[in-house]
Asks: 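First the structure, which I've put down as structure tokens, then a few questions once you've had a look.
Numbering of residues begins at 1 and proceeds along the displayed sequence. Read the numbers this way: they start at 1 and go in the same order the structure lists the ligands and their atoms. Only heavy atoms go into these numbers, but all of them, side chains included; no hydrogens, no water, no symmetry mates.
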Amino acid sequence: MKIYAHRGYSGMYPENTMLAFREAEKTGCDGIELDVQLTKDGIVVVVHDESLDRVSDKTGFVRDYTYEELKEVNVAYTWGGKYGFQPIPTFEEYCRWVKNTNLTTNIELKTGVFYYEEIEEKTLNLVRKYGLEKRVLFSSFNHLSLVKMQSLEPQIPVAALLEHRGLGNAGFYCHEYGFQFYHPGIKGLNQKTVDNCKKQGIAVNVWTINAMDELEHIYEWGCDGAITNYPSIVKAWLDSKNK
Ligand code: G3P
Ligand code: CA
């Protein structure tokens, strides 16, 4: 089973920062999950919420800031000074770093609240610029973004993201639309749905696995990946299982 560090090593470090990504890599995980959005001037940046309010010292929407303005935002603000100033990375900065690692990147296109014009093209151009085509997969809660990405680049796999209720016949659904992965929330997942995916050749990566009983369940069900805030714990557990 593969391990994806959710927003980097976000259980211990400020989410979606280069610090969290570098620390994730040190754990020996297989990949990183991150979220992309666009600034006012169309730069692809790595940040989870559409608004800056939850994690930073500023307020308002990412899409209302230019990148120059966004550079001043501290997304380690809620960590009480422990990690100093941590900026929102550009996706290009991330690509420049990750190309020299062995990591796979699950790029979540955050197009479910605001539909950012041309985010698919801009993100794909950067993936191509850094030669990462064979080491990425795209996911989104907005499945139209996946359909668009597939039309732009059919060789890169895509993942249907679902909230916790999920889809009972997810395998059939993903197969029907040509999605290679199913990414459900753990709460509504069960063996039957995993089997339905396996039958159709659809791989299943589950989020967000931060409890041991959930990890045991998805391992027993035969899931392909765990998306977790604690990659070091999942790695240690899997290593002990595989001994
Ligand atoms: O990709 C899995 C997970 O990240 C989806 O939910 O809200 O953490 O982006 P969220
Ligand atoms: Ca995400």
Side-chain angles (χ1 to χ4, degrees), residues 1-18 20-21 24 29-38 44-56 61-63 75 78 88-91 94-95 98 103-116 119-120 123 127 135-146 149 156-167 170 173-174 179-189 193-194 197 202-211 214-215 217-218 223-231 234:
M1 193 164 72
K2 304 268 190 228
I3 306 165
Y4 294 88
H6 182 237
R7 311 180 195 172
Y9 194 160
S10 62
M12 295 286 285
Y13 301 92
E15 66 182 51
N16 281 327
T17 59
M18 289 309 301
F21 300 142
C29 66
D30 303 281
I32 283 174
E33 188 269 357
L34 54 77
D35 308 281
V36 294
Q37 307 203 36
L38 291 188
V44 186
V45 286
V46 183
V47 61
H48 179 270
D49 294 9
E50 287 73 17
S51 151
L52 297 170
D53 297 27
R54 179 178 59 88
V55 295
S56 88
F61 293 120
V62 171
R63 67 172 189 166
V75 289
T78 57
I88 293 174
T90 62
F91 182 59
Y94 174 84
C95 292
V98 85
L103 293 165
T104 297
T105 306
N106 171 192
I107 305 161
E108 183 185 342
L109 301 158
K110 279 285 180 209
T111 51
V113 175
F114 299 125
Y115 193 83
Y116 295 104
I119 192 170
E120 295 88 355
T123 307
V127 165
R135 287 169 45 203
V136 299
L137 63 145
F138 293 106
S139 63
S140 188
F141 286 109
N142 181 346
H143 298 180
L144 289 177
S145 254
L146 304 178
M149 193 55 95
I156 297 181
V158 299
L161 254 174
L162 266 291
E163 294 288 356
H164 285 284
R165 211 153 65 103
L167 270 177
Y173 172 76
C174 290
F179 304 152
Q180 294 83 353
F181 289 85
Y182 177 54
H183 284 193
I186 177 65
K187 306 288 183 226
L189 189 65
T193 303
V194 176
C197 287
I202 307 299
V204 182
N205 296 325
V206 192
W207 58 278
T208 304
I209 303 301
N210 292 331
E214 293 170 345
L215 181 56
H217 285 318
I218 66 165
C223 294
D224 300 273
I227 302 174
T228 175
N229 295 357
Y230 298 95
V234 176

Asks: Taking 4.0 angstrom as the limit and counting only heavy atoms of Arg7, give me the atoms of ligand 1 inside it, by number and element.
Replies: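 With Arg7 as reference, the close atoms of ligand 1 come out as 7 (O), 8 (O), 10 (P).
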Asks: Any idea which protein heavy atom is nearest atom 5 (C) of ligand 1, and the distance to it?
Replies: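 The answer is Glu108 OE1, 3.6 Å.
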Asks: Identify the two heavy atoms, one from Val194 and one from Cys223, that lie closest to each other, and give their separation to 0.1 Å.
Replies: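 Minimum heavy-atom contact is CG2-SG, 3.8 Å.
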Asks: Looking at every non-hydrogen atom in both residues, tell me the closest pair between Ser140 and Thr111 and how far apart they are.
Replies: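 Smallest interatomic distance, heavy atoms only, reads OG-OG1, 3.4 Å.
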Asks: Would you say His143 and Tyr173 are linked by a side-chain donor-acceptor pair, where the criterion is simply a distance under 3.5 Å?
Replies: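 Distance-only check passes for Tyr173 and His143.
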Asks: For ligand 1, note which part of Leu161 has a heavy atom under 4.0 Å away: side chain, backbone, both or neither.
Replies: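 Contact part for Leu161 vs ligand 1: side chain (C-beta onward).
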Asks: So, 4.0 Å and heavy atoms of Glu33: is ligand 1 close enough to count as a contact?
Replies: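 Glu33: in contact with ligand 1 (<4.0 Å).
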Asks: We want to know whether Thr193 and Tyr182 form a side-chain donor-acceptor pair, criterion being a heavy-atom distance below 3.5 angstrom.
Replies: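 No, Tyr182 and Thr193 have no side-chain donor paired with an acceptor closer than 3.5 Å.
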Asks: Of the protein's non-hydrogen atoms, which lies at the shortest distance from atom 3 (C) of ligand 1, and what is that distance?
Replies: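 For atom 3 (C) of ligand 1, the nearest protein heavy atom is His6 NE2, 3.5 Å.
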Asks: N/O of Ser139 under 3.5 Å from N/O of ligand 1, yes or no?
Replies: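 Such a contact does not occur with ligand 1.
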Asks: Is it true that a side-chain atom of Gln37 and a backbone atom of Lys110 form a donor plus acceptor pair closer than 3.5 Å?
Replies: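 Not at all, since once roles are kept as given, no pair shorter than 3.5 Å links the two residues.
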Asks: Give the atom name of whichever N/O/S atom in Glu108 sits closest to the Ca ion (ligand 2).
Replies: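 Answer by atom name: OE1.
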Asks: Can you list the ligand 1 atoms lying under 4.0 Å from a non-hydrogen atom of Lys110?
Replies: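 With Lys110 as reference, the close atoms of ligand 1 come out as 7 (O), 9 (O), 10 (P).
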Asks: Heavy-atom contacts with Phe141 under 4.0 Å: which atoms of ligand 1 show up? List them by number with element.
Replies: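 Selected atoms, number and element: 5 (C), 6 (O).
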Asks: Does any N/O atom on Trp207 come nearer than 3.5 Å to any N/O atom on ligand 1?
Replies: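 N/O-N/O distance under 3.5 Å: no.
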Asks: For the 3.5 Å polar cut-off, considering only N or O atoms, please tell me whether Asn106 and ligand 1 meet it.
Replies: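 No: no nitrogen or oxygen of Asn106 is under 3.5 Å from one in ligand 1.
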Asks: Which atoms of ligand 1 have any heavy atom of His48 under 4.0 Å away?
Replies: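 Ligand 1 atoms under the 4.0 Å threshold to His48: 7 (O), 8 (O), 9 (O), 10 (P).
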Asks: Answer yes or no: is there a donor N or O on one side and an acceptor on the other, between the side chain of Glu33 and the main chain of Glu108, under 3.5 Å?
Replies: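 It does not hold such a pair.
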Asks: Kindly report the OD1-the Ca ion (ligand 2)-OE2 angle for Asp35 and Glu33 respectively, rounded to 10°.
Replies: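 Seen from the Ca ion (ligand 2), OD1 and OE2 are separated by roughly 110°.
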Asks: Within the side chain of Ser139, is there an N or O that forms a donor-acceptor pair under 3.5 Å with the backbone of Leu161?
Replies: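 Not a single qualifying donor-acceptor pair exists.
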Asks: Look at the side chain of Asp224 and the backbone N and O of Asn205, then say whether any donor-acceptor pair between them is shorter than 3.5 Å.
Replies: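 No; zero donor-acceptor contacts below 3.5 Å.
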Asks: Please list, in number order, the atoms of ligand 1 under 4.0 Å from a heavy atom of Asp35.
Replies: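 Heavy-atom distances to Asp35 below 4.0 Å select 9 (O).
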Asks: Answer with yes or no whether the side chains of Asn229 and Ser10 bring together a donor and an acceptor at under 3.5 Å.
Replies: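 Side-chain D/A pair, Ser10 to Asn229: present.
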Asks: How close do Val45 and Ile88 get, heavy atom to heavy atom, and via which atoms?
Replies: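 Closest heavy-atom pair between Val45 and Ile88: CB-CG2, 3.8 Å.
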Asks: Using distance alone, decide if ligand 1 has a nitrogen or oxygen within less than 3.5 Å of any nitrogen or oxygen in His183.
Replies: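 By distance alone, the answer is no.
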